[in-house]
Structure formats: structure tokens, C-alpha cells
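What follows is a set of notes on a single structure, which appears directly below.
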Amino acid sequence: MIKNIINEMTTLISKLSTAIKEDIEDIKNAQNEELLNRNDLKQVMINNITSLKQQLNEEIAKQMQEGVDINIFKNNIDDLEKKLKALYELNHSLASIVLPLKQMYQEIVEEITQNNGGSLIDIKA
């Protein structure tokens with residue numbers, strides 16, 4: 001059961017990594033529609049990984065209580081941890097691209113709002 005959970009998590013991590021890499025490329029190529037289309041799918045994958053992590057922890061605890069030597073899964077768990085760290089770093093790369101853009105747009109909106117007397121849209125009759 002532990003190996004099955006680890007395999008499922010590994011598959012999801014790989015898919016999520018691919019989606020994040022595609023996000024980075026779409027940002028570079030200004031293809032925002034594709035980027036937005038993946039958001040729901042990525043959220044589902046993140047939720048599934050979180051759920052599987054909980055299941056893995058529960059299964060490890062259960063196996064330990066039953067006297068199973070958990071060290072037989074050490075390499076698999078270490079590999080999973082490395083993949084999660086790589087996913088974290090990849091997501092950090094995406095954030096380093098997105099956050100400056102967000103800040104830039106926020107500054108533009110604030111400037112327009114200030115120039116229009118506190119309103120984003122200046123309506124003239």
C-alpha cells in the first residue's frame with residue numbers, strides 16, 4: 001500500500017511539474033489563456049498530493065504499529081522527498097516570474113486610480 005501511494009504521488013508530482021513548466025513557457029510567450037486553463041487542473045493535483053501525503057503518513061504509522069520494518073521504504077520515501085523539493089523549487093521559479101508582473105500591474109492600477117481622482121475609470125459626460 002505504501003508503494004502504491006508513493007507511486008501515485010510521484011505521478012502527480014511529475015504531472016504538476018510539467019504543468020508548471022508549461023506555465024513558465026506560456027508566461028514567456030504571453031499565452032495567458034492556456035495558463036489560466038491549467039489552474040483548475042493544477043489545484044486538483046495539489047489537493048490530491050496533499051490527500052495522498054496524509055494517507056501515506058497514516059499508512060506508515062499503521063505499518064509501524066503492525067511491526068513492519070519501515071526502512072524497506074526508505075529509498076522510495078527519500079526519492080519522493082527529493083521530487084517534492086524539486087517541485088517546490090520549480091514553483092518558486094514560477095512565483096519569481098509572476099510576482100513582479102503582479103506588482104507591476106498593481107502599480108499601474110494605483111497610478112491610474114490616483115490620476116483619475118481615486119477612480120479606476122474616468123467617465124466624462
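- A donor-acceptor pair shorter than 3.5 Å can be found between the side chains of Gln43 and Asn47.
- Under the 4.0 Å criterion applied to side-chain N and carboxylate O atoms, Asp79 and Lys83 are assigned as salt-bridge partners.
- Between atom NZ of residue Lys74 and atom CD1 of residue Ile72 there is a gap of 13.5 Å, rounded to the nearest 0.5 Å.
- Following chains of ILVMFWY side-chain contacts shorter than 4.5 Å, one can reach Ile6 starting from Ile46, so the two form part of one hydrophobic cluster.
- The shortest side-chain heavy-atom distance between Asn4 and Glu8 does not fall under the 4.5 Å cut-off.
- Checked against Ile2 for a side chain to side chain contact (heavy atoms under 4.5 Å, CB included), the options Ile60, Val68, Asn76 give a single hit: Ile60.
- A donor-acceptor pair under 3.5 Å is absent between the side-chain atoms of Arg38 and the main chain of Glu33, judged by distance alone.
- Criterion: ILVMFWY side-chain heavy atoms under 4.5 Å apart, direct or through other members. Under it, Val44 and Ile5 are not part of a common hydrophobic cluster.
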>> Please determine whether side chain to side chain contact (heavy atoms under 4.5 Å, CB included) holds for the pair Glu34 and Glu22, giving the CA-CA distance in whole Å, both sets of side-chain angles, and the decisive distance to 0.1 Å.
In response: CA-CA 9 Å; Glu34 290 299 319; Glu22 289 172 354; over 6 Å; no
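- Interatomic distance, CD of Gln54 versus CG of Leu52, reported as 10.5 Å (0.5 Å rounding).
- Side-chain contact check for Leu87 versus Ile20: some heavy-atom pair is nearer than 4.5 Å.
- With values rounded to the nearest 0.5 angstrom, Met64 atom CE is found 10.0 Å from Asp69 atom CG.
- Residues Gln55 and Glu59 have side chains that never bring a donor and an acceptor to within less than 3.5 angstrom of each other.
- Contact check on Glu81 versus Lys85 returns a salt bridge, with a Lys/Arg side-chain nitrogen under 4.0 Å from an Asp/Glu carboxylate oxygen.
- Contact check for Lys21 versus Glu25: no side-chain heavy atoms found under the 4.5 Å cut-off.
- Taken from CG in Leu80 to CG in Asn75, the straight-line distance is 12.5 Å, to the nearest 0.5 Å.
- Checked options Leu84, Leu90, Thr18; the residue passing with Ile13 is Leu84 (criterion: side chain to side chain contact (heavy atoms under 4.5 Å, CB included)).
- Separation of atoms CD (Gln63) and CD (Glu58) is listed at 12.5 Å; rounding is to 0.5 Å.
- Between Ser93 and Ile24, the shortest heavy-atom distance links the atoms CB-CD1, 4.3 Å.
- If you take CG on Leu94 and NZ on Lys42, they are separated by 6.0 Å, rounding to the nearest 0.5 Å.
- There is no path of hydrophobic side-chain contacts, each under 4.5 Å, that joins Leu56 to Tyr88.
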